[in-house]
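One-based numbering, in listed order, for ligands and for the atoms of each. Atom set for the values below is all heavy atoms of this structure, side chains included, hydrogens, waters and symmetry mates excluded.
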Amino acid sequence: MRPSILNPLFADLTALPGVGSKTAELFEKIAGPQVVDLLFRLPTGVIDRSFRPKIAETEDGMYAALTIKVDAHEPPPSDRPRSPYKVLCSDETGFVRLVFFRPRADWLHKQLPEGDTRIVSGKIEQYGSQRQIVHPDTIFDPEEGGDLPSAEPIYPMTAGLQAKTLLKANREALQRLPALPEWLRPDLIERERFPGFREAVTMAHHPETRLDLKADNPARRRLAYDEFLASQLALALIRTRQRALAGRSFKTGGELAKIARAALPFSLTGDQDKVLTEVREDLAAPRRMVRLVQGDVGSGKTVVGLLAALDVIEAGAQAAFMAPTEILARQHMETMEPLLEAAGVSAVLLTGRDKGEERRAKRRAVAEGFVQLAVGTHAIFSDDVEFADLGLAIIDEQHRFGVQQRLKLQEKGSGTDVLVMTATPIPRTLALTAYGDMDVSQIKEKPPGRKPVDTRAVPLAKLGQVTEAVGRAVQAGGQVYWVCPLVKTNDQFPATAAEERHAALRARFGETVELVHGRMKGPEKDVAVQRFSRGDAKILVATTVIEVGVNAPDATIIVIEHAERFGLAQLHQLRGRVGRGDKPGTCILLYGGAPGEMSENIKARLNVLRNSQDGFEIAEEDLRLRGSGDVLGTAQSGLPNFALANPSEHQSLLEVAATDARMVCEEDPELTSERGEALRVLLYLFRRDDAVKRLRSG
Ligand code: ADP
Ligand code: MG
């Protein structure tokens with residue numbers, strides 16, 4: 001149960017005076033449904049009204065608070081009612097016009113009576129020879145006593161929401177902020193000079209100058225630390241619990257794996273071998289394994305997973321191998337089949353597409369234990385699939401799954417070992433936030449003979465030349481991936497859609513062009529992908545459904561349209577589709593707009609990709625260039641979103657929080673001490689109840 005002290009923060013926003021359901025809806029759009037969401041949305045700017053110049057001292061673009069006399073209202077002429085309404089004002093040094101679009105005239109007359117003095121603030125603009133302020137953010141009557149606040153926070157807004165409404169709601173929300181027990185170690189508070197939590201939230205919402213908005217502001221640092229600590233502690237608690245759960249010990253002579261290895265057309269790289277050894281040690285140990293294998297695209301994770309599965313199967317249990325897409329599951333099945341056959345292992349493909357009797361028969365075989373290995377999509381873990389004795393669950397390309405889903409899978413079998421494999425080269429910092437609950441193995445070495453992919457950035461204007469080059473490559477027997485960001489063109493986001501590109505390339509190259517995208521029906525996708533991977537089709541136009549899967553060793557070129565819209569990690573993964581065979585690969589990043597229009601940032605990002613083939617290096621750079629917001633280029637990354645912390649700017653705090661969390665788990669794993677009780681409040685505050693519920697007295 002959530003500690004009742006937090007109740008005011010988890011009340012609906014409509015509980016705040018002046019917030020009706022309409023306003024609450026707007027707030028929900030920008031923050032969330034509850035009071036705490038509003039409080040955790042910090043200002044991004046500050047209006048500093050300490051600058052009080054005379055009109056003549058102002059310049060175009062500066063923010064100022066002016067004390068002015070209202071001279072005359074200038075309503076729009078009756079034949080042009082849509083023109084702005086202006087109010088001429090002055091001080092002893094000059095004139096300024098306040099400009100309003102479609103205001104209510106009576107309201108304006110009340111606010112700005114002719115002849116009165118007002119303090120107005122806003123951005124000064126030079127309009128021809130005149131100075132103006134469009135929609136001043138404050139109109140203050142000095143007669144009313146007091147002074148206008150010297151500073152006012154600015155929050156990101158949404159259409160229909162008034163700054164005033166938001167400020168008022170924030171004030172109300174701050175008033176409801178209870179004094180909470182301190183959950184931080186006293187020595188840390190002292191060392192970092194952290195304010196208390198309530199004080200920090202209040203300070204963060206009352207910046208005086210721009211300096212107060214920076215990541216190194218003590219209030220902001222405190223809040224970032226709290227958020228990190230909540231997430232790290234939740235992960236550490238989960239991890240501690242998992243390890244405490246009795247696991248199973250799979251000890252074998254590795255006979256099946258030996259047979260499969262002999263049937264492989266290659267030998268394992270040193271890193272593959274090393275990771276396999278680590279996994280085997282986990283499997284043999286009596287505790288439960290929760291291990292992540294991180295390895296760049298093409299580093300050969302699949303075979304490591306398969307060999308581990310064979311150990312478990314040899315020990316008499318079942319294994320499951322889950323891929324994120326149907327296409328990938330099928331392909332895994334195809335590549336594994338000869339090895340499984342050699343080892344005499346029975347396997348089945350389980351996907352959401354199985355229907356009727358076939359579906360029932362497959363599921364029965366799994367439930368009765370006739371099937372030793374199940375390969376498939378997330379259908380494997382759907383509720384109607386029961387395993388006779390699931391010993392190992394392998395989850396491929398895990399970045400599509402969050403911690404929650406991972407936990408659900410682990411609950412499928414009692415003591416089931418879990419091996420997660422990802423090609424997403426998450427920077428070290430973020431790895432802490434995403435995988436804090438797992439042990440990590442890395443495959444850094446690539447199989448021998450891989451050549452770097454020649455990567456070029458080309459403006460879309462040169463589409464014609466690129467098409468010709470693609471034609472020449474196809475003539476020479478090569479295959480080409482052509483990736484588009486969207487399925488259909490839509491007005492808001494006018495990307496050249498896969499369907500249009502497919503039509504255009506078909507018109508040029510004929511039947512040899514195939515199309516695959518996420519909205520096609522399963523069997524249609526299979527046909528397209530199969531025609532391509534067998535070499536019958538030479539060009540595969542695709543959305544990012546191919547990102548994590550398709551293997552076509554003869555593909556030598558990948559063209560990525562509107563590369564500027566993809567995350568670097570994603571581009572790197574896409575690029576990994578080519579140059580897998582012995583022929584070198586080429587990656588053409590087509591970017592929108594004219595060459596001169598490419599922003600410095602996009603140029604820098606594409607350059608990172610051109611200069612490095614190392615996924616980890618690329619991810620670190622991408623984080624630096626973009627901030628942590630969107631490193632993976634997708635919302636479904638499985639990475640947590642932080643409201644108050646910024647993993648790239650508060651990196652050092654994250655590391656301290658990780659250590660802190662581990663110490664808590666050692667000293668007080670059930671959170672029963674006084675600090676433990678306070679930490680429970682922290683976990684609830686940041687909605688990490690999942691971890692608390694796993695405690696004995698959750
Ligand atoms: P990923 O790590 O991206 O999942 P895969 O497991 O799909 O990579 O392997 C990529 C390709 O490399 C496959 O065609 C696989 O057969 C091949 N491969 C894997 N390990 C080796 C190796 N040690 N030597 C040569 N080729 C290998
Ligand atoms: Mg893979």
**Asked** Applying a 4.0 Å heavy-atom criterion (strictly less than), which segment of Met421 is in contact with ligand 1: side chain, backbone, both, or neither?
**Response**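 Contact part for Met421 vs ligand 1: neither.
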**Asked** Side chain or backbone of Thr269 under 4.0 Å from ligand 1, or both, or neither, by non-hydrogen atoms?
**Response**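 Both backbone and side chain.
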**Request:** Please confirm whether Gly300 comes within less than 3.5 Å of ligand 1 when only nitrogen or oxygen atoms on both sides are compared.
**Result:**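 Between Gly300 and ligand 1 (N or O atoms, distance only) the closest approach is under 3.5 Å.
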**Prompt:** Can you check whether Gly298 has an N/O within less than 3.5 Å of an N/O in ligand 1?
**Reply:**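 Min N/O separation from ligand 1 is below 3.5 Å for Gly298.
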**Item:** Heavy atom of Ser299, distance to ligand 1 below 4.0 Å
**Value:**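 Under 4.0 Å: yes for Ser299.
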**Item:** Within-shell test, Ser267 vs ligand 1, heavy atom, strictly < 4.0 Å
**Value:**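 Yes, that is the case, since the closest heavy atom of the residue is under 4.0 Å from the ligand.
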**Asked** What is the distance from atom CZ of Arg288 to atom OG1 of Thr416, rounded to the nearest 0.5 Å?
**Response**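 Reported to 0.5 Å precision, the distance equals 6.0 Å.
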**Asked** Rounded to the nearest 0.5 Å, how far does OG1 of Thr377 lie from CD of Glu326?
**Response**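 One gets 6.0 Å once the value is rounded to the nearest 0.5 Å.
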Considering only the protein, which heavy-atom contact is closest to [atom], and what is its distance?
atom: atom 2 (O) of ligand 1; result: Lys301 NZ, 2.7 Å
atom: atom 14 (O) of ligand 1; result: Asn551 ND2, 3.4 Å
atom: atom 11 (C) of ligand 1; result: Arg450 NH2, 3.5 Å
atom: atom 19 (C) of ligand 1; result: Phe266 CZ, 3.5 Å
atom: atom 20 (N) of ligand 1; result: Gln272 NE2, 2.9 Å
atom: atom 7 (O) of ligand 1; result: Thr302 OG1, 3.5 Å

**Message:** Determine whether a donor-acceptor pair (N or O, by modelled atom type, separation under 3.5 Å) exists between the side chain of Lys355 and the backbone of Gly352.
**Reply:**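 Yes.
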**Request:** Go through Asp389 and Arg248 one step at a time and tell me if the salt bridge (Lys or Arg N to Asp or Glu O under 4.0 Å) criterion holds.
**Result:** CA-CA 11 Å; Asp389 179 21; Arg248 304 170 56 174; 2.6 Å; yes
**Request:** Answer whether the closest heavy-atom distance between the side chains of Ile618 and Arg575 falls below 4.5 Å.
**Result:**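 Yes - at least one pair of side-chain heavy atoms lies under 4.5 Å apart.
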**Request:** Check step by step if side chain to side chain donor-acceptor pair (under 3.5 Å) holds for Thr422 and Gln294.
**Result:** CA-CA 5 Å; Thr422 180; Gln294 218 180 3; over 6 Å; no
**Request:** Measure from the ring center of Tyr591 to the ring center of His562 and say whether it is less than 6.0 Å.
**Result:**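 No; His562 has its ring centre 6.0 Å or more from that of Tyr591.
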**Message:** Looking at every heavy atom in both Arg610 and Ala457, which two are closest together, and how far apart are they?
**Reply:**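 Shortest heavy-atom contact: CD-N, 4.2 Å.
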**Message:** Does Thr269 form a side chain to side chain donor-acceptor pair (under 3.5 Å) with Gln272? I'd like the steps, not just the answer.
**Reply:** CA-CA 5 Å; Thr269 64; Gln272 282 173 316; 3.3 Å; yes
**Asked** Hey, which atoms in ligand 1 end up nearer than 4.0 Å to a heavy atom of Leu268?
**Response**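 What qualifies from ligand 1 is 23 (N).
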